[in-house]
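The structure appears right after this line, and notes come after that.
Chain letters run A, B, ... following the sequence lines, proteins first, then strands; residues in each count from 1.
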Amino acid sequence: MSEILNNSGLFLALLGAAFATFMAGIGSAIGVGKAGVAAAGVLSEQPDLFGKVLIFQLLPATQGIYGLLVGFLILSNVGLLGGGVEEISLLKGSLYFAASLPIAFAGFYSAIHQSKCSVAGIGTVVKKPDQMGKALILPAMVETYAILALLISILAVNGISGIQV
Amino acid sequence: MEQDYTYAVARIRFRETKLLSDADIGSLLAAGDTAAVMRLLRDKGWGDNTNCQPEELLVIEEKKLWEFVSETVDDLSALNFLLIPNDFHNLKVAVKCVTRNLEPDGLMIANAIEDPENIYQAIVSRDYGELPEFLQICAREAMTTLLQTSDGQLCDIIIDKACMETVYQFGKESDNEIIRLYCELFVAAADIKIAIRCANTHKKPEFIRRALAECDTLDIDRLAEAACEGKDVVLTYLSATEYRSAIEAITASMSAFEKWCDDYLTNVMKPQKWEPFGIGPIVAYIIARQNEIKAVRMILSAKVNSLPDATIKERLRSMYV
């Protein structure tokens, strides 16, 4: 019983790393897929817009990278990457899990909503290619919230590694 | 699972840039003759690079429209409300041709839910079960009525009313606002036209009531009563409905009212130009293309028959772009 309790801290930390990567990754996959469908529609009519629509498709991909980054930091802090696994208390493991939540949820939802903005932006660029800059700023605004969540997750993960609980 | 129209809408965004604008229509109108109009249209990508005749050009464009829609939309049944009237038209042609021993060559519309030939064969064999469910009851009733009474007008109102009821039902069952609006306007406009024509021809109340179909924006009982009393009473009734802005057009002529309906629909559809998701932009694009084809048909007819531009101008619809 005590062995299970001793290891459950590590399990929760690992769950946090997985959760950050998994949720933000799913959001990005959905987002990139949705924007990709719209981009494919445009390219079947106007192939020379490839460069422009590709940027819109890639915008929702960043959340997946943020999730990966947070997951990587958690794994690194608990020693899973270096080979020397630390003993993680249940509370510390829970804290790592909590730290993963901002990027997991904000990453998931912001990627999906950013893709909707990207699809609309693709529509704008098709009709008015000279408005590319403005059309790009609108979905990029959604990115702000993924970055804020990433920041909190990184600060939390780094903070947790320094405390003895 | 809800259909995803992202791909179709993205393609439509590009195709919207190729739609004829009011300025393009002005150029066509200003063209000297049919050949000049055809040349301008070919420059805009109309036709199939062959030296086709004006009527063929319009058929090709209609065919291209539906080929494009079939290519981009997985399940076309969501757009059935646009095709239902064509099926009822084909049924009407089949019933009349069969009872008069005529061939329906060239009279049926190819863009329909059911293959026109199937409809014709089902009527020939009186095997109504072979027809789609929405046509079965009215096909039997229309055929029986025509054989027993030889009253072509009665046959027409049976089929027309069934068509209106089917479109209305489609709209009621749809969760899309644009489709609901289109279906409602389709039925209401048909009811108004029936009421005005019945008022002008002093039809009996039973006939009027039988011809009118239920819709949400008109009280059919009051409209039927008004139609019995005359056109002015119909207009007075309409002044208390949301169709009050159509009164001027109705007073002018039926074609002016038809133009009012098309313009109203175009204006309602315009916000779909900025809508990135859903079936709305697809519906709006189809209606815009059909309006465009209608406008070009008018211009070509005018050029062929040397009609004055002013006559055509007052009938031309507002363009979507």
Side-chain angles (χ1 to χ4, degrees), chain A residues 26-61 109-142, chain B residues 1-24 44-46 48 61 64-76 78-79 176 178 269-286 288-289 292 319-321:
Chain A
I26 288 181
S28 278
I30 294 172
V32 173
K34 206 167 186 63
V37 168
V42 169
L43 293 180
S44 68
E45 299 283 346
Q46 212 174 355
D48 54 334
L49 281 178
F50 175 72
K52 286 182 174 172
V53 296
L54 183 67
I55 298 170
F56 282 96
Q57 192 199 358
L58 290 178
L59 280 175
Y109 286 107
S110 68
I112 291 172
H113 287 284
Q114 193 174 37
S115 76
K116 291 179 181 173
C117 259
S118 286
V119 170
I122 288 170
T124 306
V125 167
V126 172
K127 285 191 171 177
K128 296 182 193 298
D130 56 319
Q131 298 298 315
M132 169 83 182
K134 287 175 190 163
L136 202 55
I137 287 171
L138 302 176
M141 294 303 287
V142 185
Chain B
M1 196 178 149
E2 201 181 324
Q3 269 206 76
D4 185 4
Y5 299 103
T6 311
Y7 176 78
V9 175
R11 289 190 68 177
I12 281 171
R13 283 291 100 95
F14 174 75
R15 298 220 169 190
E16 279 170 356
T17 63
K18 306 288 171 196
L19 287 172
L20 298 179
S21 63
D22 286 323
D24 293 323
K44 287 261 168 203
W46 282 51
D48 57 357
E61 284 306 307
K64 271 160 70 175
L65 168 64
W66 285 102
E67 275 172 1
F68 168 71
V69 174
S70 325
E71 199 182 306
T72 50
V73 178
D74 293 331
D75 180 13
L76 281 176
L79 297 167
N176 182 279
I178 290 293
M269 296 287 167
K270 272 184 178 169
Q272 297 303 315
K273 282 192 284 189
W274 305 285
E275 181 57 59
F277 301 104
I279 198 170
I282 302 165
V283 173
Y285 176 74
I286 295 171
R289 277 292 276 144
E292 197 178 75
M319 292 291 114
Y320 182 58
V321 290

To the nearest 0.5 Å, what is the distance between [atom1] on [X] and [atom2] on [Y]?
{"X": "A/Leu49", "Y": "B/Phe14", "atom1": "CG", "atom2": "CZ", "value": "8.5 Å"}
{"X": "B/Tyr7", "Y": "A/Ser44", "atom1": "OH", "atom2": "OG", "value": "3.5 Å"}
{"X": "B/Arg13", "Y": "A/Gln46", "atom1": "CZ", "atom2": "CD", "value": "14.0 Å"}

Run A/Lys34 and B/Phe277 through side chain to side chain contact (heavy atoms under 4.5 Å, CB included) and show every step you take.
CA-CA 11 Å; A/Lys34 206 167 186 63; B/Phe277 301 104; 3.7 Å; yes
Does B/Lys270 have more than 12 heavy atoms from other residues, nucleotides or ligands lying within 6.0 Å of its NZ?
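Correct, the count exceeds 12.
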Take atom OH of A/Tyr109 as the centre, draw a 6.0 Å sphere, and report whether it contains more than 12 heavy atoms from other residues, nucleotides or ligands.
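Not more than 12 within 6.0 Å, no.
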Quick check on B/Tyr5 against chain A: is it the side chain, the backbone, both or neither that has a heavy atom closer than 4.5 Å?
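Looking at B/Tyr5, nothing touches chain A.
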Region of B/Glu275 in contact with chain A, defined by heavy-atom distances below 4.5 Å
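Looking at B/Glu275, nothing touches chain A.
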Might you point out which heavy atoms bring B/Thr6 and A/Val37 nearest each other, and give the distance in Å?
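Of all heavy-atom pairs spanning B/Thr6 and A/Val37, the closest is CB-CG1, 4.0 Å.
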